[in-house]
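Each remark here refers to the structure printed beneath this line.
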2 protein chains.
Amino acid sequence: MAESLMETNASCGGPDSRAVAARLAALSHPARIEILKHLSTSNSCCCREVVDRFDLAQSTVSQHLKILVEAGLVRFEPDRQRSRYAIDHAALADISASVAALVNSCCSGR
Amino acid sequence: MAESLMETNASCGGPDSRAVAARLAALSHPARIEILKHLSTSNSCCCREVVDRFDLAQSTVSQHLKILVEAGLVRFEPDRQRSRYAIDHAALADISASVAALVNSCCSGR
DNA sequence: ATCGTTCATCGGCGATAGACGATGAACGGG
DNA sequence: CCCGTTCATCGTCTATCGCCGATGAACGAT
């Protein structure tokens, strides 16, 4: 889901930078990284499972999961009274590619 | 960041996650991404140059540069009354590799 | 010696992040 | 029907971010 908008915004970063920054922000928290890793171990996880695994309040975990979902890194699917969370591998691969592209563009300058 | 809870506990976030998160945090700001891109165009840049290019106050740019330096993404070298900033390509490549490794470890789970 | 330039840092301000407990909705099981 | 479980959300609190203007240090030039 690469945003290819064209904004002539000289002030603070092109639209691309903003999109990349937003997704990286979701990744830039140790708890969320660990949650992602945990989600990868089982193909689907409920909130309670994560709460049991990490030493965080249920509301805190719920917020982290929400952030991951809103960033598109995790898919959400309600299941009875549970909430199933699963990694979106494509989105993760996309982020990895975005970072690689950014790094690459920074190296091409010389 | 939340240092209080996940201090030395293996249950919530390894040290690796924290290191990755810290470096990604430096990258997760559109202005800093743009500054990095700009630094890549010339092999060395002073603060004033960045200030002229972006619509940000000098103090703001200085702070962003400091964050990038502290994250290890940019090298700093004082030069007369100037301050030379240059991209650390190795560090950038390292981050890219870290993200790729994280994504990979998340995909290996299934 | 004085000025102009460059820069880092300080202090302040508004906004946001990140944590928590409490609450209520949704649902399953007794 | 009541109760326990799961979860999202709200409200609150503190800490940090991101921005700015102001200030002073360092340095070159006049």
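Within every chain, numbering begins at 1; the chains are lettered A, B, ... in the order of the sequence lines, protein sequences first and strands thereafter.
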> Nearest to the side chain of A:F76, which nucleotide is it out of D:dT6, D:dC20, D:dA8?
Replying inline: D:dA8
> B:R32 near the nucleic acid: base, sugar-phosphate alone, or nothing, with a heavy-atom cut-off under 4.0 Å?
Replying inline: sugar-phosphate
> Once you round it to whole Å, what is the distance between P of D:dC7 and CZ of A:R82?
Replying inline: 6 Å
> Atom CD of B:E70 and atom P of D:dT16: how far apart are they, to the nearest Å?
Replying inline: 14 Å
> Given atom CG of B:L65 and atom P of C:dT9, what is their separation to the nearest angstrom?
Replying inline: 12 Å
>> Can you measure A:H29 atom NE2 to D:dT16 atom P for me and round it to whole angstrom units?
In response: 12 Å
> Does OP1 or OP2 of C:dA19 have a side-chain N or O of A:H64 closer than 4.0 Å?
Replying inline: yes
>> What is the separation between atom CG on A:D55 and atom P on C:dG18, rounded to the nearest whole Å?
In response: 18 Å
>> Once side-chain contact (heavy atoms from CB on, under 4.5 Å) is applied, do any residues pair with A:T60, and if so which ones, sequence neighbours excluded?
In response: A:L56, A:A57, A:H64
> Whole-Å distance between D:dT6 P and A:R48 CZ?
Replying inline: 5 Å
> Is the number of heavy atoms from other residues, nucleotides or ligands within 6.0 Å of NZ (A:K66) greater than 12?
Replying inline: no
>> To check you understand the geometry: which heavy-atom pair defines the closest contact between B:V50 and B:C45, and what is its length?
In response: CG2-SG, 4.3 Å
>> Any non-hydrogen side-chain atom of A:L73 less than 4.5 Å from a side-chain atom of A:I87?
In response: no
> Taking the side chain of A:S62 as its heavy atoms from C-beta onward, which of C:dT9, D:dC19, D:dT9 lies nearest to it?
Replying inline: D:dT9
> Taking only side-chain nitrogens and oxygens of B:S83, does any of them come within less than 4.0 Å of OP1 or OP2 of C:dT6?
Replying inline: no
>> If I compare all heavy atoms of B:V61 with all of B:C47, which pair ends up nearest, and what's the gap?
In response: CG1-SG, 4.0 Å
>> Strictly under 4.0 angstrom, non-hydrogen atoms only: write out the protein contact profile of nucleotides 21-30 of chain D, one letter per nucleotide from the 5' end, B, S or -.
In response: BB----SS--
> How close or far is atom C1' of D:dA8 from atom CG of A:D79, stated in whole angstroms?
Replying inline: 16 Å
>> Just to verify, what does A:Q81 make a side-chain contact (heavy atoms from CB on, under 4.5 Å) with, not counting sequence neighbours?
In response: none
> Hey, does the side chain of A:K66 come within less than 4.0 Å of D:dC7's phosphate (OP1/OP2), counting only N and O?
Replying inline: no
> Between D:dC20, D:dA8, D:dG18, which one does the side chain of B:I67 approach most closely?
Replying inline: D:dG18
>> If I take atom CZ in residue B:R84 and atom C1' in nucleotide C:dC7, what distance separates them, rounded to the nearest angstrom?
In response: 13 Å
>> Among B:L27, B:L65, B:I67, B:V74, exactly one meets side-chain contact (heavy atoms from CB on, under 4.5 Å) together with B:R32. Which residue is that?
In response: B:I67
